[in-house]
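Presented below is the structure to which this report refers.
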Amino acid sequence: MPQFYITTAIDYSNGDPHLGHALEKVGADCIARYRRLRGDQVHFLMGMDEHSQAVLQAAEENGTSPRAWVDLMADRFADFWNRLEVSNDDWIRTTEPRHREAVIELLRRIRRHNPDDLYVGDYEGLYCVGCEEFKQPAQIADGRCIEHPTLELVPTKERNHFFRLSRYRDTLLDRIRSGEFRVEPAIRRNEIVRLLEDGLQDISVSRHRLSWGIPFPDDADQTVYVWFDALINYLSATGFPAPGYQRLWPADLHVVGKGITRFHCVIWPAMLLAAGEAIPRQVWAHGYVQWEGTKMSKTAGTAVTLGEAIERHGPDALRYFLLREVGFEADGNFSWERFDERYTADLADGLGNLVSRSLAMVAKYRGGIVPAARDETPLDQAGRETISAFTHAMDILDLRGGAEAAWTLVATANLYIQQVAPWKLAKEGREAELDIALAALARALYRLAVLASPFVPGKAGAICGSLGASGEPTASAWNSLADPPVGGLVSSRPQVLFPKPASV
RNA sequence: GGCAGGGUAGCUCAGCUGGUUAGAGCACGGCACUCAUAAUGCCGGGGUCGCGGGUUCGAGUCCCGCCCCUGCUACCA
């Protein structure tokens, strides 16, 4: 069984998660669920980034200890991911011992394999505590950081440990160009390639006298810079350096936001190369969620909270909307109006109503028992085409295309019903034809449940349940898509799958 | 400033190497059907394809200029 190790970015412990965080987790979850359907042994990692000065400050502002603060934040984030049915297999926090040990060991390995790659130097510049980084002139306006105009920039000069990033330029370019290391979508790859072509500077990888961090090996005055620390989480979670970590490593896919592609496509693989470790196979950088066409950020004040968005039509609806309408490649827009429209058209009147009318007919004309007829119908032909289109899209992580493909089967099934008119067959006593039609519809529902499950896992499970099949779709369900085993199932009229609120 | 990608119906987007009256979904209007969450099916209205030139028998589709948007431009989870 092929192994598939997928990760999301770990989130910063300095505020509640918003729709942008949710898009990333839901998108990665959709991919993870799809890989499981395809039979992969999936290991899906998420977690929290809990070091850095910003976290320390947030804790102080809230009158608590950093430890208590990150515990609180971790619970809050995890709670949201549970509500959104995110199926991660592990949850790593950078304050855990297993991570600390991995970070220290990775630095040791860099020292051992490439002793010149870590050296001591001076860094001088204006430091923004909000960004947790030194700012370049272009990022400063009126003496303040563009991102954090309320914070004072701190002139800082410190002796730090540096990482010789510059020497990995050629190797990284080769790996990307050869396809050995895939950076996608293409727009992000182009950016990284150009960045590499322009050449790399070394980076500082430690901070002086910042207590809330991982101690730099053999230097009591320094802690590991939060970014250098954070990236290593993907490796820590494999059990590194304990034997057997290669079962998971290298990662098959890092899912990240477009804003941090550079860290994942340049710094991170360079660190691994320096330590003599394998580099990840692929990075996917998704776009951002915009609110009414403008950037949604924690500082700009969130017009919509994640909790509200989940409550609007339930977690499955939000997942579907994020992946279908907002999208997992370029930036996309979120608005209540579009959310409601999609909900009504695609989910309530689309998938939900199709399930409802199909099973109502099985109940009314066959007492709920799905007929055993296995005759090929145009609907089966359409089903196969849908599966093919769906697979093509999902294999290249075109989640929007996958959802779109799956939902074409809803339209086809509705058309089939209209053309066959089972109520007419029943009235005229054409029992054999009615059996064929109802069985074909049941097969379509089964296929839809499987294809939709990465997007709307809860509702997909509910469809299976109503059909009389067991639970949420699995790999074996995927394997039976060619000829879904629905004959003889005892179905029941489902409760309304996607209820329409009066206000919509 | 440099580099990259965009600007196509009210909205979200398709339109490959240029070729009949520019497409889909949603939203909107009319008709049909009744199994269904007044759902579904059919028909229809709706677009100076950012602006201005040019190449060509013929250009959203190629070239030039301009306008606007987005991203990257080095340590922004």
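Model, not experiment: these values are computed from the prediction. Proteins get letters first, then strands, A, B, ... in listed order; numbering begins at 1 in each.
Within the 4.0 angstrom heavy-atom criterion, base atoms lie near Tyr234(A). At a threshold of 4.0 angstrom between heavy atoms, the contacts of Asp49(A) include nucleobase atoms, whether or not backbone atoms are also involved. Counting non-hydrogen atoms under 4.0 angstrom, Leu359(A) reaches nothing in the nucleic acid. Heavy atoms of Leu196(A) sit nowhere under 4.0 angstrom from any nucleic acid atom. Across all strands shown, Ala230(A) has heavy atoms under 4.0 Å from base atoms, whether or not it also approaches the sugar-phosphate.
Side-chain atoms of Asp117(A) never come within 3.5 Å of backbone atoms of Phe163(A) as a donor-acceptor pair (strictly under, hydrogens ignored).
Rounded to an integer number of Å, the gap from Leu19(A) CG to A77(B) C1' is 16 Å. The distance from atom CD1 of Ile260(A) to atom C1' of C72(B) is 15 Å, rounded to the nearest whole Å. Rounded to whole Å, the distance from CH2 on Trp423(A) to P on U40(B) is 13 Å. Per the geometry, NE2 belonging to His51(A) stands 15 Å off C1' belonging to A77(B), to the nearest Å. If you measure from atom CE of Met361(A) to atom C1' of C35(B), you get 4 Å, rounded to the nearest angstrom. To the nearest angstrom, P of C75(B) lies 19 Å from CG of Asp229(A). Residue Phe228(A) contributes atom CZ, which lies 16 Å from atom P of A77(B) at whole-angstrom precision. Atom CG in Leu231(A) sits roughly 11 Å away from atom C1' in C75(B) (whole-Å rounding).
Under the Watson-Crick or G-U wobble criterion, with both distances below 3.5 Å, A77(B) is left unpaired in every strand shown. Under the Watson-Crick or G-U wobble criterion, with both distances below 3.5 Å, C3(B) is paired with G71(B). Remark: U40(B) base-pairs with A32(B); criterion is Watson-Crick or G-U wobble with both hydrogen-bond distances under 3.5 Å. Nucleotide U56(B) has no partner under the Watson-Crick or G-U criteria, as no pair reaches both atom distances under 3.5 Å. Taking a pair to require two hydrogen-bonding distances under 3.5 Å in either a Watson-Crick or a G-U wobble arrangement, A24(B) pairs with U12(B). Of all nucleotides present, only G50(B) satisfies the Watson-Crick or G-U wobble test against C66(B), with each distance under 3.5 Å.
Each of Asp71(A), Asp16(A), Asp11(A) was checked for a salt bridge (charged side-chain N to carboxylate O under 4.0 Å, His left out) with Arg76(A), and the lone residue meeting it is Asp16(A). Applying the side chain to side chain donor-acceptor pair (under 3.5 Å) test between His254(A) and each of Tyr234(A), Trp284(A), Trp268(A), Tyr5(A) identifies Trp268(A) as the sole match. Partner Phe263(A) forms a side chain to side chain contact (heavy atoms under 4.5 Å, CB included) with one of Val266(A), Thr261(A), Ile267(A) and no other, that one being Ile267(A).
Checked against a 6.0 Å centroid threshold, the rings of Phe339(A) and His313(A) count as neighbours. You'll find the ring centres of His18(A) and Phe334(A) outside the 6.0 Å limit. For His21(A) and Phe77(A), the distance between ring centers is under 6.0 angstrom.
You'll find that the side chain of Tyr12(A) is closest to A77(B), out of C35(B), A77(B), G41(B). Distance from the side chain of Ile10(A) is smallest for A77(B) among the nucleotides A77(B), A32(B), U37(B). Nearest to the side-chain atoms of Asp11(A) among the listed nucleotides A77(B), A32(B), G5(B) stands A77(B). With C75(B), C35(B), A77(B) as the choices, the nucleotide that has an atom nearest any side-chain atom of His21(A) turns out to be A77(B). Of the candidates U37(B), C35(B), C42(B), U37(B) carries the atom nearest the Phe498(A) side chain, counting heavy atoms from C-beta on. Considering only side-chain atoms of Ser356(A), the nucleotide from C75(B), A36(B), C35(B) that sits closest is A36(B). Proximity note for Arg194(A) (side chain, C-beta onward) versus C72(B), A77(B), U34(B): the nearest is C72(B). Listed nucleotides: U37(B), A77(B), C75(B). Nearest to the side chain of Tyr225(A): C75(B). Checked against A36(B), A77(B), U34(B), the side chain of Lys427(A) finds its nearest nucleotide in U34(B). Listed nucleotides C75(B), A77(B), G71(B) differ in distance to Phe162(A); the shortest reach to its side chain belongs to C75(B).
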Can Val362(A) and Leu441(A) be said to form a side-chain contact (heavy atoms from CB on, under 4.5 Å), step by step?
-> CA-CA 9 Å; Val362(A) 174; Leu441(A) 278 172; over 6 Å; no
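Annotation: C13(B) and U8(B) have their P atoms spaced 10 Å apart (nearest Å). Comparing A14(B) with A77(B), their C1' atoms are spaced 34 Å from each other, to the whole Å. For the P atom pair drawn from A9(B) and G52(B), the interatomic distance equals 16 Å after rounding to whole Å. Across the C1' atoms, A24(B) and G15(B) are found 11 Å apart, a figure rounded to whole Å. With both ends at atom C1', the span from C67(B) to A22(B) equals 24 Å, rounded to whole Å. Annotation: U40(B) and G58(B) have their C1' atoms spaced 43 Å apart (nearest Å). Annotation: C75(B) and C62(B) have their C1' atoms spaced 42 Å apart (nearest Å). Comparing the same atom, P, in G47(B) and in G23(B) gives a spacing of 13 Å after rounding to whole Å.
With a glycosidic angle further than 90° from 0, G25(B) counts as anti.
Applying the 4.0 Å criterion to OP1 and OP2 of A77(B), one finds that Trp227(A) has a side-chain N or O inside that range.
Inspection of the Ser206(A) and His161(A) side chains reveals no N or O donor paired with an N or O acceptor under 3.5 Å.
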Pairwise N/O distances under 3.5 Å, protein to nucleotides 9-17 of chain B:
none

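In summary, Arg194(A) and Glu197(A) do not engage in a salt bridge, as defined by a charged side-chain N under 4.0 Å from a carboxylate O. A salt bridge is defined here as a Lys NZ or Arg NE, NH1 or NH2 lying under 4.0 Å from an Asp or Glu carboxylate O, and Glu431(A) with Arg366(A) meets this definition.
Between Leu415(A) and Leu347(A), the one whose closest nucleotide on RNA chain B sits nearer the 5' end is Leu347(A). Nearest-nucleotide positions on RNA chain B place Ile187(A) closer to the 5' end than the other of Ile187(A) and Arg493(A).
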